[in-house]
Amino acid sequence: MELYNYSLENLGELLDKGEISAVELTRSVLERISAVDDTIGSYLTVDAEGALIQAESADVRRRKRDNVTPLTGIPVGLKDLISTAGLQTTCASKILAGYRPEYDATVVSRLRSAGAVITGKLNMDEFAMGSSTENSAFQKTCNPWALDRVPGGSSGGSTAAVAAATAIATLGSDTGGSIRQPASFCGVVGMKPTYGRVSRYGLIAFASSLDQIGPVTLTVADAALLLGVIAGHDACDSTSVDLPVADYYKRLKNDIRGLKIGLPQEYFGAGLDSEVEVLVRSACGQLAAAGALVNEAISLPHTDYAVACYYLLATAEASSNLARYDGVKYGFRAENTDGLLDMYRQTRAQGFGDEVKRRIMLGTYALSSGYYDAYYRKAQQVRTLITRDFEKVFADCDVIVAPVCPTPAFAFGEKVDDPLAMYLSDILTIPVNLAGLPAISVPCGFTKSGLPVGLQIIARPFAEETLLNVAWQYEQLGGWSRRRPEIKKKAV
Ligand code: GLN
């Protein structure tokens with residue numbers, strides 16, 4: 001097997017034993033990028049030169065046994081909204097084309113000090129707004145399992161890269177489902193940590209009260225290893241929480257007999273694809289057979305209001321966060337304009353795509369003085385109700401299990417002209433962000449036409465250990481991780 005096909009965990013062992021070097025591994029991944037990424041389109045920027053330099057120093061560290069971690073020498077790709085000093089960071093937006101941050105995001109400095117090799121920056125929906133990666137201003141990313149379908153979004157580049165083995169692991173960000181939904185579509189593991197578990201310092205903001213960075217990997221063990229490196233308190237992010245970070249990897253194999261699992265009836269309602277439902281229910285059956293206690297009738301009664309609530313709060317926050325792109329401080333500036341105001345106007349008109357403009361307008365409207373109480377305040381109150389729904393369920397359940405998305409990957413163009421249909425594809429992931437909870441998508445099978453489907457597991461705040469433990473146990477039972485698509489070259 002080629003080196004790029006192995007899991008992070010296995011590669012760590014091979015590197016440890018000196019059977020392979022980080023340089024060999026990095027070359028293998030860079031060659032894979034050259035071979036298939038013109039077909040997949042996962043990368044916006046590949047830093048081949050930088051990656052090889054980092055790989056050489058990882059080899060030195062391993063040889064000297066100097067501060068070796070499971071990530072030392074492992075090629076990792078980053079969603080292009082995670083700031084990398086000196087390396088272009090665009091958010092897949094024209095308005096940030098050519099922007100090179102002055103500093104590394106905290107997750108990046110943690111990866112660097114762990115000795116990881118940064119391969120480059122991955123495609124996404126512009127400013128993480130979308131569910132298909134079709135909103136990228138630069139390129140399309142194809143689903144490695146079916147090239148005529150979307151990889152999901154907004155972290156579609158991050159999940160397609162892991163599926164296509166153009167990175168061993170990647171980081172994505174999840175505001176309303178953007179790690180879990182594309183992980184489900186691409187047949188990989190994608191995890192959203194508890195809000196506050198991972199520093200957002202240097203993550204370009206979309207909706208600050210919802211955004212969270214998380215790992216995208218081939219297996220659950222890999223996610224545990226990667227989370228262990230990026231998690232933890234950061235003085236640079238006042239919303240990061242000062243709680244101990246457990247050894248997630250060590251606890252993966254804990255026994256799940258007697259563990260209480262709830263299935264929310266609202267997540268199995270109308271609109272759920274029947275093949276997705278069968279796969280998710282059969283995964284629950286396997287967990288029950290392994291000794292977990294499954295309650296099929298828990299209720300999260302405010303689920304119906306989650307999408308509306310999210311699209312008021314997320315757009316309100318986005319309208320405020322995106323006010324900083326005025327053509328003065330960062331990236332793109334419109335030319336030949338008539339004075340300052342016109343420069344602002346034209347820079348935004350030309351620099352932002354349609355979806356971003358739509359959200360800035362929606363958010364500005366929801367925050368405007370006459371409507372603030374009716375929309376923004378109301379949405380905050382609904383958010384509290386949704387959070388309480390989960391609190392009630394978790395009084396009696398250890399984890400919640402559900403589908404990630406009502407459907408498998410859809411075709412290009414199917415939803416892009418109908419924003420509401422696109423927004424509804426996040427109906428099963430958004431409540432988790434509103435409540436700030438940790439959740440994961442683990443592969444749980446394929447549809448008859450060969451499209452992957454993910455199982456969503458949701459846990460109590462900061463119970464990442466339990467989450468990963470259940471996910472790992474299910475992964476052993478299901479056996480759906482580690483599958484690789486055969487990538488057929490696009491006809492030219
Ligand atoms: N698809 C959702 C949206 O468009 C979620 C995005 C995300 O999680 N970044 O807002």
Side-chain angles (χ1 to χ4, degrees), residues 78-82 91-93 122-136 141 150-159 170-186 190-193 195 198 200 203-216 306-319 321-322 352-363 366 379 383 404-407 409-410 414-441 454 456 458:
L78 304 170
K79 186 176 180 178
D80 206 22
L81 44 38
I82 298 176
C91 275
S93 179
L122 297 157
N123 199 23
M124 53 183 282
D125 285 298
E126 183 176 5
F127 283 100
M129 297 174 184
S131 306
S132 65
T133 310
E134 290 167 289
N135 292 335
S136 166
T141 298
V150 302
S154 62
S155 310
S158 302
T159 57
T170 61
L171 293 183
S173 70
D174 194 312
T175 305
S178 280
I179 291 177
R180 291 160 287 155
Q181 184 257 25
S184 171
F185 283 15
C186 290
M191 177 187 181
K192 175 217 169 290
Y195 184 78
V198 174
R200 291 183 298 110
L203 166 71
I204 297 179
F206 160 17
S208 313
S209 78
L210 299 157
D211 299 341
Q212 190 64 194
I213 298 172
V216 178
V307 170
C309 169
Y310 169 88
Y311 277 96
L312 287 168
L313 297 178
T315 58
E317 293 183 29
S319 73
N321 276 324
L322 271 58
F352 287 136
D354 288 348
E355 183 59 26
V356 174
K357 287 179 191 158
R358 184 179 297 127
R359 296 202 188 193
I360 292 174
M361 286 190 282
L362 243 169
R383 183 177 190 171
V404 175
C405 182
T407 65
F410 44 87
E414 203 177 309
K415 302 194 179 184
V416 78
D417 297 323
D418 182 354
L420 276 183
M422 189 75 91
Y423 294 175
L424 284 172
S425 84
D426 298 316
I427 191 161
L428 307 176
T429 46
I430 277 175
V432 166
N433 299 75
L434 290 169
L437 304 170
I440 194 167
S441 173
Q456 181 170 215
I458 307 166

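Every number for a ligand or one of its atoms is a count from 1 in the order of the listing.
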**Q** Answer yes or no: is there a side-chain heavy-atom contact under 4.5 Å between Asn135 and Met422?
**A** no
**Q** Would you say the side-chain atoms of Glu126 pair up with the backbone N or O of Phe352, donor to acceptor, closer than 3.5 Å?
**A** no
**Q** Out of all atoms in ligand 1, which are within 4.0 Å of some heavy atom of Gly177? Include the element for each.
**A** 8 (O)
**Q** Quick check for you: to the nearest 0.5 Å, what is the distance between Met129 atom CE and Asp354 atom CG?
**A** 13.0 Å
**Q** Under 3.5 Å between any N/O of Phe206 and any N/O of ligand 1: does that happen in this structure?
**A** no
**Q** For ligand 1, does Thr175 get within less than 4.0 Å through its side chain, its backbone, both, or neither, judged by non-hydrogen atoms?
**A** both
**Q** State whether the side chain of Asp211 and the backbone N or O of Phe206 hold a donor-acceptor pair below 3.5 Å, judged by distance alone.
**A** yes
**Q** Keeping the roles fixed (side chain from Ser154, backbone from Ser131), state whether a donor-acceptor pair exists under 3.5 Å.
**A** no
**Q** So, do Leu434 and Cys309 sit near enough that their side-chain heavy atoms are less than 4.5 Å apart?
**A** yes
**Q** Identify, for atom 6 (C) of ligand 1, the protein heavy atom at the shortest distance, and state residue, atom and that distance.
**A** Ser178 OG, 2.8 Å
**Q** So which protein heavy atom does atom 10 (O) of ligand 1 come closest to, and at what separation?
**A** Tyr310 OH, 2.6 Å
**Q** Regarding Ser155 and Lys79, is there a side-chain donor-to-acceptor distance under 3.5 Å anywhere?
**A** yes
**Q** Among Tyr423, Tyr311, Phe127, which one has a heavy atom closest to atom 3 (C) of ligand 1?
**A** Tyr311
**Q** Please work out, at 4.0 Å between heavy atoms, whether the side chain, the backbone, both, or neither of Ala128 comes within that distance of ligand 1.
**A** both
**Q** Identify the closest protein heavy atom to atom 2 (C) of ligand 1: which residue and atom is it, and at what distance?
**A** Asp426 OD2, 3.0 Å
**Q** Polar contacts were defined as any N/O atom of the residue lying under 3.5 Å from an N/O atom of the ligand; does this apply to Arg359 and ligand 1?
**A** yes
**Q** Looking at Glu134, is its backbone amide N or carbonyl O close enough to the side chain of Asp125 to form a donor-acceptor pair, meaning the two atoms are under 3.5 Å apart?
**A** yes
**Q** May I ask you to test the Ser132-Lys415 pair for a side-chain heavy-atom distance under 4.5 Å?
**A** no
**Q** At less than 4.0 angstrom from any non-hydrogen atom of Gly176, what atoms of ligand 1 do you find?
**A** 5 (C), 7 (C), 8 (O)
**Q** Which word best sums up how the rings of Tyr311 and Tyr423 line up, parallel for under 30°, tilted for 30 to 60°, or perpendicular for over 60°?
**A** parallel
**Q** Below 4.0 angstrom from a heavy atom of Gly130, which ligand 1 atoms are there? Numbered from 1 as shown, please.
**A** 1 (N), 2 (C), 3 (C), 4 (O), 6 (C)
**Q** Among the heavy atoms of Ala314, does any lie under 4.0 Å from an atom of ligand 1?
**A** no
**Q** So is Glu355 close enough to ligand 1, meaning a heavy atom under 4.0 angstrom away?
**A** no
**Q** Regarding ligand 1, does Gly153 bring an N or O atom to under 3.5 Å of one of the ligand's N or O atoms?
**A** no
**Q** Using a heavy-atom cut-off of under 4.0 Å, does the side chain or the backbone of Arg180 touch ligand 1, or both, or neither?
**A** neither
